[in-house]
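Numbering starts at 1 and runs along the sequence shown. Computation of the quantities below employed the complete heavy-atom set of this structure, encompassing side-chain atoms and omitting hydrogens, waters and symmetry-equivalent molecules. We count ligands from 1, going down the list as the structure has it; atoms in each ligand are counted the same way.
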Amino acid sequence: MSEIPVITIDGPSGAGKGTIARQLADELGFHMLDSGAVYRAAALHALDCGADLDDEASVLDALQSMQARFQPDPEGVQVWLGEQNVTSRLRLETTGNAASRVAVMAAVRESVLDEQRSFRKAPGLVADGRDMGTVVFPDATLKVFLSASRQVRAERRSKQLKEKGIDVTMACLLQEIGARDERDSSREHSPLVAANDALIIDSSDLSIDEVVAQIKSALSTADTPGG
Ligand code: DC
């Protein structure tokens, strides 16, 4: 057990985990782990190597040669695969879907565990993902499960994409989000579920500041290591 505090924020895609995690980490002066970026980088590398994303051995084989670097950035994280900055490719919907496919594989999840845990550094970490509180940091100081209705998540995603000049229909987004929820929640290994001891927040009708305030208030009453 580490003495370094960790706040985990798990939940489905589009619930606002990344935005909330970043603001919380900034306010607390903590490091941040965007674990989705780790799975996205793994999927991209596997694709670049020509691996078959439905074949665990093929993906694992590709991951042997992965050299990923994650560098914090005010916008989130900059990611390199070898010498190549892959940050914008990482954010594509197609990469998210590919990440969700490789993330069902137990050996892939096992292979990125140490990388994720290495982000736990003083003075503390805010980690966002699907299994941060259940598997990666089971001894977290505070576990949050952040959800929002599928409609709200699709609307938020549509807005984000529009800002980047990408136009996608709501029907298409709703369908993609539904498929991703289904795969992330029903997989055998580390499925998306709230930890038993998680604080559950539905952000559908809450602002970013309101969610961050709820988490900070819960943190003030949580048992902090050494505190
Ligand atoms: O949060 P995101 O959209 O960047 O994540 C992309 C995919 O990676 C997601 O659909 C499932 C997978 N993932 C996971 O299985 N476990 C995590 N802790 C984070 C992401």
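- Annotation for ligand 1: atoms under 4.0 Å from non-hydrogen atoms of Ser100 are 7 (C), 10 (O).
- With no hydrogens or angles considered, no side-chain donor-acceptor pair links Asp209 and Ser207 at under 3.5 Å.
- Of the candidates Ile7, Val144, Asp10, Met132 forms a side-chain contact (heavy atoms from CB on, under 4.5 Å) with just one, namely Asp10.
- Looking only at heavy atoms of the protein, atom 6 (C) of ligand 1 is closest to Arg180 NH1, 3.7 Å.
- Under 3.5 Å, the side chains of Arg40 and Thr95 contain no donor-acceptor pair of N or O atoms.
- Side chains of Arg130 and Tyr39: a donor-acceptor N/O pair is absent below 3.5 angstrom, by distance only.
- Side-chain atoms of Ser158 and Arg153 form no donor-acceptor pair, as typed in the model, at a separation below 3.5 Å.
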> When you look at Ser65 and His45, which way does the side-chain contact (heavy atoms from CB on, under 4.5 Å) test go after all the steps?
Replying inline: CA-CA 9 Å; Ser65 62; His45 181 72; 3.0 Å; yes
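- Ligand-side atoms of ligand 1 in range of Ala99: 6 (C), 7 (C), 8 (O), range being under 4.0 angstrom from any heavy atom.
- From the protein, the heavy atom lying nearest to atom 8 (O) of ligand 1 is Tyr39 CB, 3.6 Å.
- Selection from Lys17, Arg91, Arg187 by nearest heavy atom to atom 15 (O) of ligand 1 gives Arg187.
- Nearest to atom 12 (C) of ligand 1 among the protein's heavy atoms is Ala103 CB, 3.7 Å.
- Counting heavy atoms under 4.0 Å from ligand 1, residue Asp184 touches it through the side chain alone.
- Atom 9 (C) of ligand 1 has its nearest heavy-atom neighbour, among Met132, Arg130, Arg157, Arg183, in Arg130.
- The contact set between ligand 1 and Ser35, taken as ligand atoms under 4.0 Å from a residue heavy atom, comprises 17 (C), 18 (N), 19 (C).
- With distances taken over non-hydrogen atoms, the option nearest atom 4 (O) of ligand 1 out of Glu93, His189, Arg109, Arg40 is Arg40.
- In this structure, a donor-acceptor pair under 3.5 Å is absent between the side chains of Glu210 and Gln214.
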